[in-house]
Peer 1: 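Take a look at this one; I'll ask things after.
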Amino acid sequence: MTLSIRNQLPGTVTAVNPGEVMAIVGVRLTGGQALTAAITLDAVTDLGLTPGTAVRALVKATEVSLATARADNLSIRNQLPGTVTEVTAGGAMASVKIALEAGELTSVITKEAATDLGLTAGSAVVALIKSTEVSLATT
């Protein structure tokens with residue numbers, strides 16, 4: 001299956017914490033970074049997720065926010081530090097490619113935000129991803 005979702009990071013499930021309808025799934029990305037996904041219990045069952053299951057974490061580029069430093073006192077669980085490798089700006093939006101320990105991540109943000117943050121190749125950034133915006137696929 002080919003998907004339009006650019007961000008597909010390989011990892012391994014480390015924990016599954018079920019709730020009433022949703023589960024919080026911990027994933028250790030290939031580069032060692034931790035990621036949290038909030039998915040339905042049905043998806044956990046359908047995918048057969050247990051600790052040790054190989055997965056791909058899928059995140060749309062438009063769901064990846066950027067900061068120039070780690071943010072404290074924030075509800076966003078996933079904060080992945082990396083380095084900008086490329087910024088491509090259009091009329092209104094900018095595509096920012098980021099090198100992570102786990103691979104490459106793409107963020108699409110407004111051109112104005114990219115300018116305000118001073119993003120250029122080599123800039124240190126932190127990718128911010130809500131756990132509810134992370135989908136999982138088994139490999």
Side-chain angles (χ1 to χ4, degrees):
M1 173 189 302
T2 303
L3 299 173
S4 65
I5 297 175
R6 296 184 216 179
N7 299 314
Q8 300 184 26
L9 302 171
T12 303
V13 173
T14 57
V16 178
N17 299 310
E20 293 294 319
V21 176
M22 302 284 288
I24 303 301
V25 180
V27 176
R28 176 77 51 206
L29 298 176
T30 299
Q33 294 169 308
L35 188 73
T36 300
I39 63 174
T40 66
L41 284 177
D42 286 343
V44 169
T45 301
D46 291 347
L47 295 170
L49 299 181
T50 59
T53 303
V55 294
R56 283 199 174 273
L58 310 172
V59 183
K60 291 177 62 175
T62 53
E63 298 301 335
V64 179
S65 298
L66 298 176
T68 56
R70 212 172 147 71
D72 293 327
N73 302 316
L74 190 65
S75 66
I76 297 175
R77 300 291 83 196
N78 299 305
Q79 297 192 35
L80 304 174
T83 304
V84 173
T85 59
E86 181 182 334
V87 178
T88 305
M93 303 299 288
S95 175
V96 182
K97 292 187 179 179
I98 304 148
L100 302 176
E101 293 175 15
E104 184 177 81
L105 189 68
T106 299
S107 173
V108 174
I109 59 176
T110 64
K111 179 181 173 183
E112 182 179 18
T115 300
D116 289 351
L117 293 172
L119 300 181
T120 60
S123 297
V125 293
V126 177
L128 306 169
I129 308 166
K130 290 179 65 173
S131 59
T132 53
E133 299 305 327
V134 178
S135 295
L136 297 176
T138 51
T139 56

Peer 1: Is there a path from Ile5 to Leu9 through hydrophobic residues (I, L, V, M, F, W, Y) whose side chains come within less than 4.5 Å of each other?
Peer 2: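 Ile5 does not cluster with Leu9.
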Peer 1: Give a yes or no on whether Ile109 and Leu128 share a hydrophobic cluster (residues Ile, Leu, Val, Met, Phe, Trp, Tyr; joining criterion: side-chain heavy atoms under 4.5 Å apart).
Peer 2: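 Different clusters: Ile109 never reaches Leu128 through Ile, Leu, Val, Met, Phe, Trp or Tyr contacts under 4.5 Å.
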Peer 1: Does the Thr12 side chain pair with the main chain of Gly52, one donor and one acceptor, at a distance under 3.5 Å?
Peer 2: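 Not at all, since once roles are kept as given, no pair shorter than 3.5 Å links the two residues.
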Peer 1: If you round to the nearest 0.5 Å, how far is CG of Leu58 from CD of Glu63?
Peer 2: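 Reported value, rounded in 0.5 Å steps: 13.0 Å.
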Peer 1: Quick one: are Thr120 and Val84 in side-chain contact, heavy atoms under 4.5 Å?
Peer 2: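 Answer no - side chains too far apart.
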Peer 1: Do Leu41 and Val21 come within less than 4.5 Å of each other through their side chains, counting heavy atoms only?
Peer 2: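 The answer is no, as the side chains (C-beta and beyond) never meet within the 4.5 Å cut-off.
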Peer 1: State, yes or no, whether a side-chain contact exists between Thr36 and Val134 at a heavy-atom distance under 4.5 Å.
Peer 2: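 Not in contact.
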Peer 1: Group every Ile, Leu, Val, Met, Phe, Trp and Tyr by side-chain heavy-atom contacts under 4.5 Å, then state whether Ile98 and Leu117 land in the same group.
Peer 2: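 Yes, because Ile98 and Leu117 connect within a single hydrophobic cluster, where side-chain heavy atoms sit under 4.5 Å apart.
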Peer 1: Any non-hydrogen side-chain atom of Arg6 less than 4.5 Å from a side-chain atom of Val108?
Peer 2: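 The answer is yes; the side chains approach within 4.5 Å.
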Peer 1: Does some side-chain heavy atom of Thr83 sit less than 4.5 Å from a side-chain heavy atom of Ser123?
Peer 2: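 No; the side chains remain at least 4.5 Å from each other.
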Peer 1: Would you please say whether a donor-acceptor pair under 3.5 Å links the side chains of Glu86 and Thr88?
Peer 2: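 Thr88 and Glu86 do have a side-chain donor-acceptor pair below 3.5 Å.
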Peer 1: What's the separation between atom OG1 in Thr62 and atom CD in Glu133, rounded to the nearest 0.5 Å?
Peer 2: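 Taking OG1 in Thr62 and CD in Glu133, the distance rounds to 8.5 Å.
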Peer 1: In the structure I gave you, are the side-chain heavy atoms of Pro51 and Arg28 within less than 4.5 Å of one another anywhere?
Peer 2: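 The answer is no; the side chains never approach within 4.5 Å.
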Peer 1: Find the distance between CG (Leu29) and CG (Asn78) and round it off to the nearest 0.5 Å.
Peer 2: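 These two atoms lie 8.5 Å from each other.
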Peer 1: Is any side-chain heavy atom of Leu66 less than 4.5 Å from a side-chain heavy atom of Leu119?
Peer 2: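 Result yes, sub-4.5 Å side-chain heavy-atom pair found.
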Peer 1: Would you indicate whether the side-chain heavy atoms of Pro81 and Gln33 approach each other to under 4.5 Å?
Peer 2: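 A side-chain contact under 4.5 Å exists here.
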